[in-house]
2 protein chains.
Amino acid sequence: MDRIPILRMGATLLVTIQIDMQDQTALSLQDDLAAMIAKTGATGVVIDISALEIVDSFVGRMLSNISGIARILSADTVVVGMRPAVAITLVELGLSLEGVRTALNVERGMAMLDRSRQESRLAS
Amino acid sequence: MDRIPILRMGATLLVTIQIDMQDQTALSLQDDLAAMIAKTGATGVVIDISALEIVDSFVGRMLSNISGIARILSADTVVVGMRPAVAITLVELGLSLEGVRTALNVERGMAMLDRSRQESRLAS
């Protein structure tokens with residue numbers, strides 16, 4: 001199984017990462033997500049990484065890339081469910097998830113996206 | 001990675017199955033889901049199987065079991081995202097997903113659960 005499913009929930013796309021990311025899986029996910037944002041006009045992406053026991057520089061870069069791609073396609077990205085141990089390791093390794101917003105869990109991530117949408121509606 | 005993450009979204013728990021189910025993974029999922037329903041008081045479970053290319057009798061039985069366990073804990077289960085080819089094979093094999101409700105995608109599954117909740121509220 002080499003493709004990670006992307007679930008559509010209203011204006012938000014939800015991705016649950018459950019497998020250790022290989023190069024090809026990461027590239028497929030980027031492609032699929034970009035295509036899905038363009039097709040659905042989604043304005044938010046939530047990526048759940050609660051199943052990941054390790055987030056190395058490769059996965060960190062992938063999350064940054066996805067976030068950057070989504071932003072260009074005018075969608076916000078929130079990474080949710082990071083384990084405390086993973087956060088500790090990230091900081092110890094000096095890896096900052098540049099440009100990536102995080103939230104404790106899916107519910108809070110969704111709420112964060114809702115707030116962003118309201119703010120951009122008020123600003124426009 | 002042997003545990004499938006269960007995401008909480010309000011009163012609904014969401015599970016995305018991405019890996020071929022082995023005995024142990026299926027048992028862990030049943031246990032985790034039962035514990036999570038009891039802990040959160042969730043009244044609905046959505047299981048997305050859009051990543052599965054094959055649903056054999058083992059997976060079919062697992063879905064029936066989960067649905068049965070959830071029902072006893074007073075939660076409804078909806079299986080969503082089944083591929084057309086999987087549906088065809090299920091029927092050809094004579095496998096009926098007994099007691100399992102299905103919907104085309106997550107959004108419709110969520111809507112189905114919302115309707116069930118309203119009906120049970122009206123009935124009570």
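From a predicted model like this one, the values you see are computed outputs, not experimental measurements.
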Heavy-atom closest contact (Gly10(B) atom, Glu107(A) atom, distance):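 Reported closest heavy-atom pair: N-OE2, 2.5 Å.
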Interchain contact, Thr16(A) with chain B, by part (heavy-atom threshold 4.5 Å): both
Heavy-atom neighbours of Arg117(A) CZ exceed 12 at 6.0 Å: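 Buried by this count: over 12 neighbours within 6.0 Å.
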Verify same cluster id: [X], [Y] (apolar side-chain graph, 4.5 Å):
X: Val79(B); Y: Leu13(B); answer: yes
X: Leu97(B); Y: Leu33(B); answer: yes
X: Met21(A); Y: Val86(A); answer: yes

Heavy-atom side-chain proximity of Arg8(A) to Asn105(B) below 4.5 angstrom: no
Flag side-chain contact, heavy atom, 4.5 Å: Leu14(B) against Leu7(A): yes
